[in-house]
Every structure is written in C-alpha cells, then in structure tokens.
Amino acid sequence: MRETPLPDAAADLLGRALVAVREGVTGLRFGLDLPGAEESRRTQEEILAQLDDYVIPRVRTSTAPALVVIAGSTGAGKSTLLNTLAGARVSPTGVRRPTTATPVLACHPDDRDWFAKGDVLGSLRRQEAVPAAADRDSLVLAPAESLPAGMALLDTPDIDSVVEENHEIAHRMLDVGDLWIFVTTAARYADAPVWRLLRLAKERGAELAIVLSRVPPKSRDVVTKHFFRMLAEYGLGEVERFVVDESKVTGGMLPAHEVADLHDWLTGLSIDEQRRARAVQATLSGVLDSFRTRMPALARQLEFQVAFRGELRRDVDAVYGGALAAIEKATGDGSLLCGEMLARWQDFAGSGDLMRTLHLRRPGRFAGKAGQQAPERLTALKAALRAGLESVVISAAQRAAEESVARWQRRPGTDRILAAAPDLGRASDDLARRAGRTIAAWQDHIVELIRTEGVTKRSVARLVSFDVESLALVFTVGLLGQGSAEAAGPGTGTLPQRLVNALLGAESVRTIGARARSDLRARIGAIFDDETSRHTRVLDGAGVPDESAATRLYQAAYNLEVVRAGRSAPAVNEER
C-alpha cells in the first residue's frame, strides 16, 4: 500500500488559488476600531500564518511526514508526554511555569531533513537544542529513534499561558498541525480553556486525540466516566482517548507503559498510510473549509470599514459645505457690511472723498489736506473689507473644525483616530495667513475684472479718467452690500450699486459680479479643501483599504472553492 501524491496539475491549480488568497489577505489594515475589527485583525494574521507555515507547503508536498501538535493547558504534562514518547528528554520539564517557551519538534532521524529544509513553519529559525532564553522565533529539531518514521511530534507553549506571547505561538502551532493531541489533567479537564480549544478543533475539523493525564488510580473510573460523558455531550464522543495514570516522573519522562497505548496508536498511523492520509486530508480540508467563512467575514469587515470611512468623510464635507454656504449668504445678503466695515464706508462716502478718490488718476488735480486724506480713507476701507472677509472665513473654518470633530465623536469607533490627531478640532495654524493672502488676491482679481471687463463694455473715454482700484473698491462694497437696504449707510441709499451701474453698465456689473462671486467661492473653497484634507489624512493614516479590496477577497474565496470542487483528492491510496 502506498500514498499517491496530488497530481502536479491539480496541485498547481490549488497552489495558485491559495497564493491568490494570500495576496488578497496580505496588506489589509482594519484601522477603524469598529465592532469585529480586532477579531478581523487576528483572523488575518492566522490565515497568513496558516497559508505560509502549513497549507501551501502541505498542498505542494502531500506525501510529507504528518505533524502531530501536542497542546494543552498549563502544567498538563505536554513536555513530559513528548519526552516519554521520544524516549529521551528532548523538551524541558519542571515545576516553573511556563516551562515550554520555544517549540520543540521531535521526529525520526529519517524525517529530520524534511523538517529542517521544508516550508512547514518556514518562518521559524531551526535550532539544534533548546535555547537558554525563550526564543519564540525559533524551532528546536530533536531527532528521536523511538518515534515512528512519517510521524513528528510538536511540543507547544501553554494555550492558557500567563505570558501573552506563549499563548499566541501556541495557537500558531495548532494552525500547522495535521493532527492534534490535546492533553489535560484529572484536576483541570473541566476548565474553560480546555473546552475553548476543543471547540476550536471541532470547528476546524482537525483530527484529534485526547489524553487525560495524572489520573489518580483510586478515582480513575469516576474521573474518566465523567470526562468521557462530557466529551460525548459536546459531540466529541468518537475521538481517540487515552488515559495516563498519575505516576512518578524520572528524568522528565513517565514510565513507558503509561503511554504504550498512545505510542501504539501513533505507530499504527505511521504504518497505515491510508489512515494517515485520511487524517492529514481531514485536517487540511477543515482548514480550507474554514476559509469559506473567514474570508467573507474579512470582506464584510472591509466593506464596513470603507462604508464607515465614507460616512466620516461625508460628515466633514457636509460641515465644510455648510460653512461655505454660510459665507456665501453673508457676502450676498448685506449682513457682512456692518461694524468696522460699515463705519469705514460711511466715513469714506460721507466725507466727499468718494468722488475725489475716483479721480485720483488725474495727476496734479488735488493739493492740500483733502488730497492727502482721501487715500488714507481709501486704504482704511480696503483694509476693513479685507479684515471683515478674513474674519468670516476664519470663524467659519474654526466652527467647521469643531463641528466635524463633534460629529466624529458621536460615532463609535473613532476614539483612536481622534486621539492620534488632537489638533483636528481647531483650524490649522496657518489659516489666518492663507485667508489674508486669499482675500487680497481676490481684491486684486476684482481690479483686473474692472480693468478688462469694464473697459470692454464701456467706452475707454468714460473710464480713462477714473482710478480703477478705487472703482473696484466701490464695486466690492456694492457687491457685499447687495440685499441690504441700509448697506450704504444713512443718506446714501444704494450709492455703490448705482454708481458702478452708471459707470460700467448694469449688464457689465452683473457679469463682473457673477464672476467675482464665483472666484471668491473657488478661493475660499480651496482653503476649505486644505482644511478638510487634514481629516482625510487622518482617515488615510488609519489604513482603511480601497473599495476593491473586499471584492478581491470574495473573488479569491470563490476561485478557491471552484478549484477544490474540480480537483482530485490530495492523496489516494492504492493496494499493491
């Protein structure tokens, strides 16, 4: 009887499908702390470790020796059991917990080269002896003549270790096992960690054997009947079970007769290639079956993350969009022309400097006090208009920053990203400088519009005698004061609008006004884009994947199932 490996073509197809699964899972980041995100991070790590350390190597070399993982809770006697089966002290034992920190793999000398050079647990460095200090990135290889060829045993750290790293590596070792031997004791078989691991084995479909150790001979019948009844009630009544009586440990080993039944069972598996192949295939199929639920679960979490990120971004866009709309309203209903800005306009228009300033381009016409005061009032009005617009922009941006963070705070799962960006709730430090430059550039743009559009629409002769900058300033006052009957101040009515209409023409004023408002919106919108980009960078820093990542996961999982459905069994046994 011999084991026939998976045909090359089928192995190649399955291997490529598994590589596609790996590519789909690699690089995923679940940056938002949403329900299920932490579980998805663990699942991602587990899948990648299983693919690299077990699944892909096992598919490529289906005839490799079977790897039996010995797992159990603290003090269950895993290392003692391994030493006894190996016939030598290959794994350290003792009363200090935890004892095993570096995994130990014992195998027949004929199989050593395969585990030394193979890809199973390929990410771990191979060691010849147990290191003095814990080394969780290493694997100790221990040849043992007493072990049957084709069957290796792997001693792992405790599944309930108080050392978190030991707990993690224990589960990683379980993910690479073809068979599991679970060890518990007469004193601890009812503990919760025992049944959590048994549930995991059941979910994975792993081939399992259970060892109940340290059983007092006087209470053997009572303890074993109770434990076996619990296994049956849990749906594990058919698994292989072995009982090891409480006995003296010498040199890290039990008396050989205590593990004779277990040794015979392992030997039988090593000799009966068909049984061994079925056991290996059952565990491998169980892992592959688990991808049917674990891959879509990752994809759903990705979709959740992407959707939630979109909601956070829409919060920001809505707030800043509302702020921009508020600025448009303030610059279009006349409410902006108040306070310092209104006072400067009234001083400028009421003093008679308005018309004199419009003719400042005619050199030598003015002399004395009046001619000197007009530019001062003109400069003061221009500065007041600029300061008023700056204040509106800065206040709106500050309120938007506060409201954006407030909306995020009301959503669960944003604590970590907000903690990473404590300044997000206030406008950027250079906002005032950028706003000042933006408004100044807008004022210059209006001057250029008056110079080009105004001259185009009206005769050069009528405009050549007027100062374009002064006319642009009057135009700006009229533009900001539209919608308010009292915008121009007492006694002047809607003087700015009437004046620019008379000089430029109503149609030209409407055209220039529309272009000026559009330009102001675009410039302020650019400022707000810079402000919202701070929020976007925070979201991007959280590592939320692109929207196609979930689709790639679904596709990879589907392709894997298609290949599995159309392939032959990984191992077929033939009678000779």
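Below, each value reflects all heavy atoms present in this structure, side chains not excepted, and no hydrogens, waters or symmetry copies. Sequence positions, counted from 1, serve as the residue numbers for this chain.
- Annotation for F30 and A37: closest pair CB-O, 4.3 Å, computed over non-hydrogen atoms.
- Electrostatic pairing of R292 and D289 counts as a salt bridge here, judged by a charged N lying under 4.0 Å from a carboxylate O.
- Atom CZ of residue F242 and atom CG of residue L266 lie 7.0 Å apart, to the nearest 0.5 angstrom.
- Between the side chain of Q305 and the backbone N or O of L32 there is at least one donor-acceptor pair closer than 3.5 Å.
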* **Full working for side chain to side chain contact (heavy atoms under 4.5 Å, CB included) between V222 and H226** => CA-CA 6 Å; V222 175; H226 182 245; 5.6 Å; no
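- M295 approaches A556 most closely through the heavy-atom pair CE-CB, 4.2 Å.
- Without hydrogens or angle criteria, R241 side chain to L212 main chain gives no donor-acceptor distance under 3.5 Å.
- Of the charged side-chain nitrogens involved, at least one lies within less than 4.0 Å of a carboxylate oxygen, so that D317 and R313 count as a salt-bridged pair.
- Considering only heavy atoms from C-beta on, R300 comes within 4.5 Å of Y554 through its side chain.
- For the residue pair T84 and A256, the shortest heavy atom distance occurs at CG2-CA, 4.4 Å.
- Ion pairing of R276 with D272 is absent here, as no side-chain N (NZ or NE/NH1/NH2) approaches a carboxylate O to less than 4.0 Å.
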* To do: Kindly indicate, with the supporting measurements, whether the criterion side chain to side chain donor-acceptor pair (under 3.5 Å) is fulfilled by T224 and R220.
  => CA-CA 6 Å; T224 55; R220 178 185 175 104; 5.6 Å; no
Would you mind writing out the side-chain donor-acceptor pairs for residues 227-236 within the sub-3.5 Å range, not counting sequence neighbours?
none

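- In this structure, the side chains of V55 and V21 stay at 4.5 Å or more apart for every pair of heavy atoms.
- R188 and T184 share no side-chain donor-acceptor pair at under 3.5 Å.
- Summarising the geometry, atom CG belonging to D261 is positioned 10.5 Å from atom CD belonging to E240; distances are rounded to the nearest 0.5 Å.
- One distance of note links CD of Q50 with CG of L288; it measures 9.0 Å at 0.5 Å rounding.
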* Check the pair T536 / R309 against side chain to side chain contact (heavy atoms under 4.5 Å, CB included), numbers first and verdict last. => CA-CA 9 Å; T536 304; R309 183 186 189 276; 4.0 Å; yes
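- Rounding to the nearest 0.5 Å places CZ of R29 at 10.0 Å from CD of Q44.
- Listed by chain and residue number, R112 satisfy the salt bridge (Lys or Arg N to Asp or Glu O under 4.0 Å) test with E128 (two or more places apart in sequence, or in another chain).
- A 4.5 Å side-chain heavy-atom check between L269 and V68 finds every atom pair outside the cut-off.
- H535 is not listed as a side-chain neighbour of I417, based on a closest heavy-atom distance of 4.5 Å or more.
- The line from CD of E246 to OG1 of T185 is 9.5 Å long, rounded to the nearest 0.5 Å.
- Around atom CD of E39, no more than 12 heavy atoms belonging to other residues, nucleotides or ligands sit under 6.0 Å away.
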* To do: Evaluate side chain to side chain contact (heavy atoms under 4.5 Å, CB included) for I70 paired with L154, printing each intermediate quantity in order.
  => CA-CA 6 Å; I70 301 177; L154 179 62; over 6 Å; no
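- Between the side chain of T283 and the backbone N or O of V280 there is no donor-acceptor pair closer than 3.5 Å.
- Between R58 and D178 a salt bridge is recorded (basic side-chain N to carboxylate O distance below 4.0 Å).
- Put simply, the side chain of L153 does not reach to within 4.5 Å of the side chain of L105, judged on heavy atoms.
- Residues L424 and W408 have side chains in contact (heavy-atom distance under 4.5 Å, counting atoms from C-beta outward).
- In the displayed structure, E547 atom CD is contacted under 6.0 Å by at most 12 heavy atoms of other residues, nucleotides or ligands.
- Comment: E561 engages R564 in a salt bridge, judged by a side-chain N to carboxylate O separation of less than 4.0 angstrom.
- How far OG1 of T532 is from CZ of R537: 9.0 Å, rounded to the nearest 0.5 Å.
- Contact annotation: the side chain of P103 never approaches that of T156 to less than 4.5 Å [non-hydrogen atoms, C-beta and beyond].
- Not a single donor-acceptor pair under 3.5 Å links the side chain of R534 to the backbone N or O of A421.
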* **Verdict with reasoning, V316 to L312, per side chain to side chain contact (heavy atoms under 4.5 Å, CB included)** => CA-CA 7 Å; V316 176; L312 295 179; over 6 Å; no
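- The existence of a salt bridge linking E403 and R410 is confirmed by a sub-4.0 Å separation between a basic side-chain nitrogen and an acidic carboxylate oxygen.
- Using a 4.5 Å cut-off on side-chain heavy atoms (C-beta onward), V244 and L262 make no contact.
- A donor-acceptor pair is defined here as one N or O able to donate and one able to accept, closer than 3.5 Å; no such pair exists between the side chain of E258 and the backbone of S247.
- Ion pairing between a basic and an acidic side chain is recognised when a charged N comes within 4.0 Å of a carboxylate O; D33 and R41 show such pairing.
- Across all their heavy atoms, D155 and S79 have their closest contact at OD2-OG, 2.5 Å.
- In this structure, the side chain of E531 does not engage the main chain of A427 through any donor-acceptor pair within 3.5 Å.
- In plain terms, the two heavy atoms of P148 and D111 that are nearest each other are O-OD2, 4.5 Å.
- No hydrogens or angles considered: a donor-acceptor pair under 3.5 Å links the side chains of R22 and T26.
- When all heavy atoms of P57 and L51 are compared, the pair lying nearest together is CD-O, 3.5 Å.
- With hydrogens and angles disregarded, no donor-acceptor distance shorter than 3.5 Å links the side chain of S285 to the backbone of A282.
- Between the N83 side chain and the S91 main chain, a donor and an acceptor come within less than 3.5 Å of each other.
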